[in-house]
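See below for the structure under consideration.
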Amino acid sequence: LLTNVLECCRPSAEEKNITIHTVCEKDFLIPVNIPLMEQAIVNLIDNAVKYSDPGSKIRLEVHQTPTQVTIDVQDWGCGIEEEHLPRLFERFYRVDKARSRKLGGTGLGLSIVKHITQAHGGYVSVKSEVGEGSIFTIHLPLDSRIG
């Protein structure tokens with residue numbers, strides 16, 4: 001799954017000279033719909049690339065605990081003001097409409113991530129600091145079944 005995600009995201013990252021560093025503790029199986037989960041992670045990485053400066057880095061990190069798998073996509077880009085965080089996963093919501101139009105997109109990417117994650121019995125969260133970057137985390141229960 002991660003290999004496919006990285007292959008899909010590599011061209012846009014290379015265009016901006018952005019390195020994607022992957023950390024995955026080990027190989028493990030999680031019960032997901034692979035094409036849907038690939039889409040969710042690609043959406044997060046695409047956003048990280050879009051809102052990061054050329055030459056920066058993105059970190060894709062996967063962890064497993066006894067009850068869940070977490071998938072973090074971290075960037076050191078512009079960050080998001082706290083007032084916007086509660087609405088980020090709404091359809092068509094954009095923090096900066098002018099910048100979003102310039103960079104492309106429909107305002108659906110994070111909403112799609114939310115719905116894919118929920119269909120797997122999980123949820124998505126975000127931590128962000130303006131000027132410091134963002135971490136988006138997909139939380140998937142190990143006993144999830146695609147709904």
Side-chain angles (χ1 to χ4, degrees), residues 1-2 4-25 30-65 67-142 144-147:
L1 185 141
L2 296 181
N4 291 346
V5 165
L6 293 172
E7 283 301 312
C8 185
C9 296
R10 183 171 286 120
S12 62
E14 285 178 350
E15 205 171 282
K16 289 182 73 175
N17 194 29
I18 292 175
T19 304
I20 302 173
H21 180 69
T22 305
V23 177
C24 187
E25 298 165 341
I30 55 174
V32 297
N33 176 304
I34 290 176
L36 286 179
M37 194 52 58
E38 283 177 6
Q39 183 63 59
I41 300 168
V42 164
N43 285 2
L44 293 179
I45 293 174
D46 278 349
N47 278 355
V49 169
K50 257 187 225 179
Y51 294 102
S52 293
D53 291 329
S56 60
K57 63 182 176 177
I58 293 168
R59 184 176 178 98
L60 171 62
E61 192 163 351
V62 182
H63 290 285
Q64 181 177 351
T65 70
T67 59
Q68 73 173 345
V69 169
T70 58
I71 303 165
D72 294 331
V73 175
Q74 180 175 10
D75 67 65
W76 287 265
C78 58
I80 305 162
E81 293 175 353
E82 187 174 344
E83 68 195 57
H84 297 288
L85 297 180
R87 297 193 61 199
L88 275 184
F89 300 100
E90 293 177 13
R91 278 189 241 155
F92 306 114
Y93 186 78
R94 294 179 179 200
V95 172
D96 182 342
K97 291 170 182 50
R99 186 170 183 185
S100 294
R101 273 193 296 277
K102 184 178 117 183
L103 296 173
T106 61
L108 291 171
L110 292 177
S111 175
I112 290 168
V113 171
K114 173 186 159 187
H115 290 289
I116 289 172
T117 304
Q118 287 177 336
H120 286 82
Y123 65 98
V124 62
S125 63
V126 60
K127 294 177 188 169
S128 189
E129 292 284 332
V130 173
E132 300 292 322
S134 304
I135 304 172
F136 286 83
T137 303
I138 293 173
H139 305 261
L140 300 171
L142 283 176
S144 73
R145 297 289 179 258
I146 184 84

Nearest non-hydrogen partners of I20 and A13, listed with the distance: CD1-CB, 3.9 Å

Might you point out which heavy atoms bring G55 and I18 nearest each other, and give the distance in Å? N-CG1, 4.2 Å

Counting only pairs under 3.5 Å, give me each side-chain donor-acceptor contact of residues 124-134, with atom names and distances, residues two or more places apart or in other chains.
unit_1: S125; atom_1: OG; unit_2: H139; atom_2: NE2; d: 2.9
unit_1: S128; atom_1: OG; unit_2: I80; atom_2: N; d: 2.8
unit_1: S128; atom_1: OG; unit_2: G133; atom_2: O; d: 3.1
unit_1: S128; atom_1: OG; unit_2: S134; atom_2: OG; d: 2.7

So, the side chain of H120 versus the backbone of N33: is there a donor-acceptor pair under 3.5 Å, distance only? yes

Tell me which one of V62, T117, L44 satisfies side-chain contact (heavy atoms from CB on, under 4.5 Å) with I71. V62

What's the shortest heavy-atom distance between K57 and W76, and which atoms? O-CE3, 3.3 Å

Heavy atoms, side chains only, cut-off 4.5 Å: are V49 and C9 in contact? no

Exactly one candidate in L88, N47, V113, I41 meets side-chain contact (heavy atoms from CB on, under 4.5 Å) with F136; the answer is L88

The reported gap from CG in D75 to CG in L60 (rounded to nearest 0.5 angstrom) is 12.5 Å

Take V69 and L142 through the side-chain contact (heavy atoms from CB on, under 4.5 Å) test and state the conclusion after the steps. CA-CA 7 Å; V69 169; L142 283 176; 3.5 Å; yes

First locate atom CD of Q68, then atom CD1 of I138, and finally report the distance between them rounded to the nearest 0.5 Å. 12.0 Å

In this structure, CG of N43 is separated from CD1 of I116 (nearest 0.5 Å) by 6.5 Å

How many angstroms lie between atom NZ of K50 and atom OG of S12, to the nearest 0.5 angstrom? 9.5 Å

When every non-hydrogen atom of I58 is compared with those of I45, the smallest separation belongs to CD1-O, 4.2 Å

Let me confirm one number: the CD-SG distance from Q39 to C8, rounded to the nearest 0.5 Å. 7.5 Å

With distance as the sole test, does K16 use its side chain to make a donor-acceptor pair with the main-chain N or O of S52 at under 3.5 Å? yes

Please check this pair: side chain of D72 against backbone of E61, looking for a donor-acceptor N/O pair closer than 3.5 Å. no

